[in-house]
Amino acid sequence: METGFNELLQVRRQKLDELQAKGVDPFGGKYEVTHHAQGVLDGFAQLEGQSVSIAGRMMSKRGQGKAGFAHVKDLTGSVQIYVRLDDVGEDTYQLFNKLDLGDIIGVRGTVFKTKMGETTVWAKELTLLTKSLQPLPDKWHGLKDVDLRYRQRYVDLIVNPEVQRVFVLRSQIIKAMRKFLDSRGFLEVETPTMHTIAGGAAARPFITHHNALDMQLYMRIALELHLKRLLVGGMERVYEIGRIFRNEGISTKHNPEFTMMELYQAYADYHDMMKLTEEMVAFIATETLGTTKITYQGQAIDLTPPWRRITMLDAIKEYAKVDFNEITTDEGAEKAACQLGIQVEGNPGRGKIINEVFEAFVEPHLVQPTFIMDYPIEISPLAKRKKDNPAFTYRFEAFIVCRELANAFSELNDPIDQRERFLEQVKQRAAGDDEAHMMDEDFIRALEYGMPPAGGLGVGVDRLVMLLTDSASIRDVILFPTMKPRED
RNA sequence: GAGCCACUAGCUCAGUCGGUAGAGCACCUGACUUUUAAUCAAGGUGUCGCUGGUUCGAGUCCAGCAUGGCUCACCA
């Protein structure tokens with residue numbers, strides 16, 4: 001036997017050896033499952049006295065000498081089994097006696113209700129399907145250690161039922177999103193995750209290397225530029241749900257890799273995108289939760305369309321009592337920000353100052369779903385310029401519980417303007433802003449072939465899942481969040 | 001990247017003034033043929049995150065480091 005195990009691990013390995021010595025396969029094979037736990041509970045009226053076979057992990061055991069009870073947990077829930085020496089025979093009863101919490105078993109038996117009124121499977125046969133060699137966490141307190149929960153998510157899923165619920169919901173949310181978009185004629189596509197130019201967003205990329213080509217590659221930071229190339233190619237409605245990677249800080253709202261949905265619709269504008277956003281979120285909520293009225297961390301949120309629409313400047317006027325319509329110079333903007341108590345470093349310019357004022361004074365109020373419209377051009381290098389005010393763009397972000405949920409615009413399809421915007425970004429990059437965009441000549445060339453006017457939308461899928469599952473941390477909606485390795 | 005906090009048995013947690021390391025669950029042995037956080041009796045589990053320092057003596061005090069959590073910065 002291997003050494004260096006603590007007593008608990010040694011005992012389980014010893015049991016494994018004993019089972020094998022008796023000819024029992026502790027890591028068995030196929031098992032005919034006719035019912036799930038919840039199905040047995042729900043179907044009691046029809047199933048009483050009938051034979052069922054279930055399989056799952058034994059989570060509790062109460063021996064009573066020559067009989068005993070246990071709970072078997074599967075994907076749907078857990079159901080009690082009743083094992084009696086008289087019914088299963090000496091060998092099987094010995095096996096049952098030796099079972100550990102965490103072992104995976106198959107049980108065939110008849111459905112009945114105990115004296116205490118619990119629907120239970122009265123075992124006629126019991127089969128060990130997988131011996132568990134590691135002890136489970138405390139059956140009452142579960143696994144609380146957050147570090148361990150994320151590192152050993154498999155254990156978290158076994159012992160904390162609400163965790164499983166979140167990830168089932170996540171799957172349903174994404175399914176509902178696809179259903180909504182497919183029904184509106186959007187085509188799902190896949191574009192490269194490794195880019196020669198990391199574009200489409202302001203973010204630091206991960207850098208990797210291709211050996212055979214001996215070249216540097218970036219993990220994508222957005223889906224945008226490839227999807228827009230597809231509009232040029234004539235794919236009028238496209239979307240992608242995909243992983244993107246940003247080499248930035250980790251927090252309860254940020255994981256280095258996360259899931260984004262982006263879509264592009266030819267001949268639409270950002271008003272269409274607002275309508276689509278609110279309808280899609282409402283659809284997903286209804287489909288998965290059965291309602292558009294939800295609670296997030298104790299706050300009541302109403303996702304029912306239409307959502308509030310307000311321009312960034314009007315919102316600032318409302319919450320900060322400053323009208324940037326009347327402040328047209330960089331100097332004036334800087335002065336106004338100073339008066340509001342915002343530190344301005346360098347010469348960020350009016351647009352970035354407006355955005356900082358917005359973040360400080362408006363964002364904390366955006367609890368209910370709100371579209372903030374018309375972002376400054378300086379921070380929107382891929383959005384179409386407003387006809388009546390070229391300092392702003394046809395861009396909006398959707399906010400819920402003070403967080404950005406979606407970002408969208410009427411897409412810039414003027415290649416000459418786009419080149420100038422990229423050049424401005426390149427200048428900022430040269431000045432030390434390593435989150436500024438890179439020049440993408442091929443994207444410009446694509447626009448020169450002609451991209452139809454279009455609306456585009458990006459939705460942070462993880463944040464949507466957080467909202468709909470009432471999760472406080474992004475790590476609670478990502479199965480295996482990024483963690484530093486621990487010295488074991 | 002900065003500040004604060006946490007880290008003790010497989011899990012959840014106590015640990016007083018610096019003086020031989022504790023409980024519940026889990027585990028082991030026994031009793032119990034409708035229990036349900038089953039119960040009853042008996043058993044003992046440990047690199048007190050790591051490395052140093054102070055001290056006759058450190059889980060406890062001090063310093064550094066690791067990992068995590070929260071807040072902030074960056075960002076979505």
Side-chain angles (χ1 to χ4, degrees), chain A residues 4-12 14-15 59-71 78-88 93 97-102 112-120 122 132-152 155-156 158-160 200-205 221-222 244-262 343 345 359 363 379 397-399 403-407 433-435 458-464 466 472-475 481 483-488:
Chain A
F5 295 124
N6 70 34
E7 186 199 340
L8 292 175
L9 296 180
Q10 288 197 26
V11 164
R12 293 213 176 194
Q14 203 175 325
K15 285 184 179 179
M59 299 301 288
S60 68
K61 189 169 81 162
R62 295 171 290 283
Q64 289 232 108
K66 298 189 175 60
F69 292 87
H71 273 98
S78 96
V79 65
Q80 184 170 251
I81 61 165
Y82 178 49
V83 184
R84 232 158 82 146
L85 175 62
D86 296 349
D87 298 304
V88 297
Y93 196 75
N97 255 339
K98 290 271 181 189
L99 285 180
D100 289 307
L101 300 191
F112 80 112
K113 252 194 178 53
T114 63
K115 269 205 290 211
M116 303 301 286
E118 179 164 352
T119 300
T120 300
W122 191 320
S132 168
L133 298 176
Q134 293 276 349
L136 285 180
D138 190 290
K139 67 179 174 187
W140 187 245
H141 298 98
L143 185 62
K144 290 241 176 68
D145 187 317
V146 183
D147 189 22
L148 274 183
R149 284 188 45 222
Y150 296 147
R151 285 178 199 280
Q152 300 186 39
V155 179
D156 191 29
I158 291 169
V159 297
N160 296 328
R204 259 186 295 265
I221 56 172
I244 68 181
F245 309 86
R246 295 190 183 175
N247 205 341
E248 280 154 5
I250 297 180
S251 78
T252 49
K253 296 171 198 70
H254 304 85
N255 196 63
E257 54 176 314
F258 61 105
T259 302
M260 184 86 116
M261 188 284 288
E262 284 191 29
Q343 296 291 327
E345 283 176 34
E359 285 177 4
E363 266 191 28
I379 57 168
E397 289 193 358
F399 286 85
R403 284 180 207 160
E404 181 195 336
L405 182 81
N407 180 22
D433 182 355
D434 52 4
E435 286 170 9
V459 174
V461 172
D462 308 277
R463 290 195 175 171
L464 178 63
M466 284 171 71
S473 168
I474 197 168
R475 293 192 194 96
M483 304 283 277
K484 277 197 197 177
R486 199 153 77 158
E487 307 160 31
D488 279 319

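Every chain is numbered from 1 and lettered A, B, ... according to where its sequence line falls, protein lines coming before strand lines. Computation of the quantities below employed the complete heavy-atom set of this structure, encompassing side-chain atoms and omitting hydrogens, waters and symmetry-equivalent molecules.
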From the options A/Leu9, A/Val11, A/Leu101, select the one residue that forms a side-chain contact (heavy atoms from CB on, under 4.5 Å) with A/Pro135. A/Leu9

Taking only side-chain nitrogens and oxygens of [X], does any of them come within less than 4.0 Å of OP1 or OP2 of [N]?
| X | N | answer |
| --- | --- | --- |
| A/Lys253 | B/A76 | no |
| A/Arg62 | B/U35 | no |
| A/Lys139 | B/C25 | no |

Should the pair A/Arg151-A/Asp147 be classified as a salt bridge under the 4.0 Å nitrogen-to-oxygen rule? yes

What's the closest nucleotide to the [X] side chain, out of [options]?
| X | options | value |
| --- | --- | --- |
| A/His141 | B/U12, B/C70, B/U67 | B/U12 |
| A/Trp140 | B/A37, B/A38, B/A76 | B/A37 |
| A/Thr114 | B/U34, B/A76, B/U33 | B/U34 |
| A/Glu248 | B/U33, B/U35, B/C74 | B/C74 |
| A/Val11 | B/U36, B/C27, B/A76 | B/C27 |
| A/Gln80 | B/U36, B/G69, B/C32 | B/U36 |
| A/Lys484 | B/A38, B/U67, B/U36 | B/U67 |
| A/Tyr82 | B/U34, B/U36, B/G68 | B/U34 |
| A/Lys115 | B/U34, B/C13, B/G68 | B/U34 |
| A/Phe69 | B/U34, B/G68, B/C27 | B/U34 |

Treating A/Arg463 as the side-chain partner and A/Lys253 as the backbone partner, does any N or O pair qualify as donor plus acceptor under 3.5 Å? yes

Without decimals, in angstroms, what is the distance between [X] [atom1] and [N] [atom2]?
| X | N | atom1 | atom2 | answer |
| --- | --- | --- | --- | --- |
| A/Glu359 | B/A76 | CD | P | 9 Å |
| A/Arg12 | B/A26 | CZ | C1' | 8 Å |
| A/Asn247 | B/G1 | CG | C1' | 14 Å |

If you measure from the P atom in B/G68 to the same atom in B/U60, how many Å do you get, rounded? 23 Å

For A/Arg84 and A/Gln64, which I'm curious about, is there any donor-acceptor pair between the side chains at under 3.5 Å? no

Tabulate atom names and distances for all N/O pairs under 3.5 angstrom spanning the protein and nucleotides 29-31 of chain B.
none

Which atom pairs link the protein and nucleotides 5-10 of chain B when you take only N or O atoms and keep those under 3.5 Å?
{"residue": "B/G10", "atom": "OP1", "partner": "A/Asn6", "partner atom": "ND2", "Å": "3.1"}

What does A/Gln64 touch in the nucleic acid at a heavy-atom separation under 4.0 angstrom: a base, only the sugar-phosphate, or nothing? base

